[in-house]
Amino acid sequence: MPSEVLSDAPAAITTPTRSTAPARHLIEVVGVEKIFGDVATGHRALEAINVLIEEKEFFTLLGPSGCGKTTLLRMIAGFEHPTTGEIRLQGRDVASLPPRERPVNMVFQNYALFPHLTVSQNVAFGLEMLRWKKPDITARVQETLSLVKLSHFANRKPAQLSGGQQQRVALARALAPRPQVLLLDEPLSALDLKLRKEMQFELKRLQRETGITFILVTHDQEEALAMSDRIAVMNTGRVQQIGTPEEIYDHPTNRFVADFIGEANLIPGESLGRRSDAVIAIRPERIEIAGPGVTPRITGVVDNATFLGSDTLMEIIVPGIRLRARIRGAAKLPQGKEVGLVWETEAERELLD
Amino acid sequence: MLNKRSAYWLILPAVLVIGIFGAIPLLISLVYSFMSANPYGGVQAPMTFGAYVQMLYDQDFDGSLIFMPDYFWIAFRSLYLALATTILSLLVGFPVAWYIVCQSPTRRKILLTLVSLPFWINTLIRTYCWILILRDEGLANKLFGWLGFISHPLPLLYNQGSVLLGLVYTFLPFMVLPIYATLERLDPRLIEASYDLYANRYQLFRRVIWPLTKPGIAAGTVLVFAPALGSFLQPDLLGGGKQLLIGSLIEMQFTSSRNWPFGAALSMLVTFAVILSLAWQRWRSKRAARAQAA
């Protein structure tokens, strides 16, 4: 179950408290449920969602498609409204407010730039709607365009830009009003791998420089691990675990998280002489071949070994399961050879569901 | 690979179609408009500017020309009615197109069929139906009487209002369909992005939807304005012949008046007005494109 009380939350960061209610967290999603269609028969997209997000945090909603992460993001933006539960921003319930009344901006998947406006007109859009004064708009647009390194493209139309540049325009457009929260819906999914890596750093830099809370939605676990301060792993409309990348990777609390984040061998408890209802998760890189004289924890037969340069990926058949092990360096072991496997006890995670 | 010369042959069908159905009839009209009327119909020599002079001047018995603005007013009224038809069609047609786009795909299909359904019935018959609805003992007056709104039948038929109603009714689909086509291609996320960036409904329409549907609006405007300007069925039947429009006037020249050159000259006038409106639209859209590029 997700840890609902975030005892590890950085206590030093407190939001400016409002006179009415002392808000400890920037965003509080409390007991949110979303049912599309009829309440009795409709599709339950989100169930019992409790998430607390801190100021200046880079928070990621991670999960496979259909897990409800985008629905949750769209709820924070105001495009969807919860069936039950509250969404509080600085202690104020905003669940029923329309998007335009929330100090929250969004970077859409595929960007949704206004095709008839130039780059600078796109970036100015939000400020114009907020009825800023002309000189202030000009100054902010220039400032924001230079933040995303697009000053030279101010007068281009979106169609004249590459995918990566369009991405930056979308970022600038959403950042220009300096929202309290920036929502990013799979922002990097349309970019090629090299550009994606570049933009990961870029997003981290922007978040640091602006001090705005970022909430990212992604299905890419590497992206989530690389960028986030904290991650909420979601599946089938529920939050599976919330924690820092290290916590999620090293201490998964259930099978789904262990399996979804990185790679994990899930070994039935009885194979290792444990409780029969438990599953033991071990990362492939924590498994080693037992040397001579060492009692193996488990023995199996080598099925194949793939040399990957820095290490070798081995698949070992143990009665009933197939284990994957990443062995340092080149481990040339022939197929069919019997090997013993060892790992440190602290590498094991006992999972009960 | 085709070489350049044989590639030209491929556009021949298009040239033939445009030539036979567009250019040649127009050219014949142009030539006829400079000839003299044959009292039994058709045209005869000599070539003359008479037909164009006739638009504004009446010839006295002694051959002197007297200024006569009747035809000018007919042209003016036609232009004004065509413009009013276009504006009303836009005001009614845009919300209709918007409503259709907002429906589910199956309902869209049904509604689009409904919009284009009138095309399957002859315009003449549909216009007569309006007479049945609007006349003193017609459906509308009966309904109002039954509801107790009126004691005497309202004069709904044979005035400018009934002509305008008939024109808007006839040409509305030509406004709805092109606007629908552009609205359908509008990315709904642009609407979400506008709301996310603090736009209200009016700003959303003014700043995003209107500019992005302009091509459809322009197409609809031309498709309604051009035929409305030359229409004669609706003014004749629903205006009771009291509201003579340029379309009816042209029709008369080729039938009862047997003045083909004058009819052809008036046709040229209408054609010229339509070309002018097209050119104006092109100029406007080009200027808008330049303003945005700058």
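A, B, ... follow the sequence lines: proteins, then strands. Residue 1 opens every chain. Keep in mind that the numbers below use all heavy atoms, side chains included, and drop hydrogens, waters and symmetry copies.
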Worksheet item: Counting heavy-atom pairs under 4.5 Å to chain B, which of A:Val104, A:Leu127, A:Leu183 comes out on top?
Response: A:Val104
Discussion item. Could you tell me if the side chain of A:Pro98 sits less than 4.5 Å from the side chain of B:Tyr195, heavy atoms only?
Written reply: no
Fill in: Non-hydrogen side-chain atoms of B:Tyr198 and A:Pro99 separated by less than 4.5 Å
no
Item to complete: Hey, could you give me the CG/CG distance between B:Leu190 and A:Leu117, rounded to the nearest 0.5 Å?
Response: 9.5 Å
Discussion item. Quick check on A:Phe79 against chain B: is it the side chain, the backbone, both or neither that has a heavy atom closer than 4.5 Å?
Written reply: side chain
Worksheet item: Does any N or O in the side chain of B:Arg189 come within less than 3.5 Å of the main-chain N or O of A:Gln109, such that one atom is a donor and the other an acceptor?
Response: yes
Worksheet entry | Contact summary for A:Ala112 and B:Ala193, nearest pair of heavy atoms | O-CB, 4.0 Å
Fill in: B:Arg207 side chain reached by A:Glu128 side chain, heavy atoms, under 4.5 Å
yes
Practice prompt. Can you measure from CG (B:Leu197) to CE (A:Met106) and round to the nearest 0.5 angstrom?
Written response: 11.0 Å
Discussion item. Using a 6.0 Å cut-off, check whether atom CZ of B:Arg282 has over 12 heavy atoms from anything other than its own residue.
Written reply: no
Worksheet, complete the sentence: All heavy atoms of B:Glu192 vs all of A:Arg74, minimum pair found to be OE2-NH2, 2.7 Å
Worksheet item: Within a radius of less than 6.0 Å around CZ of B:Phe119, do more than 12 heavy atoms belonging to other residues, nucleotides or ligands occur?
Response: yes
Discussion item. Please find the pair of heavy atoms, one from B:Ala199 and one from A:Phe125, that lie closest to each other, and give the distance.
Written reply: CB-CE2, 4.1 Å
Worksheet item: Just by distance, do the side chain of A:Arg100 and the backbone of B:Asp196 share a donor-acceptor pair under 3.5 Å?
Response: no
Discussion item. Is it true that, when you exclude B:Phe76 itself, more than 12 heavy atoms of the residues, nucleotides or ligands shown sit nearer than 6.0 Å to its CZ?
Written reply: no
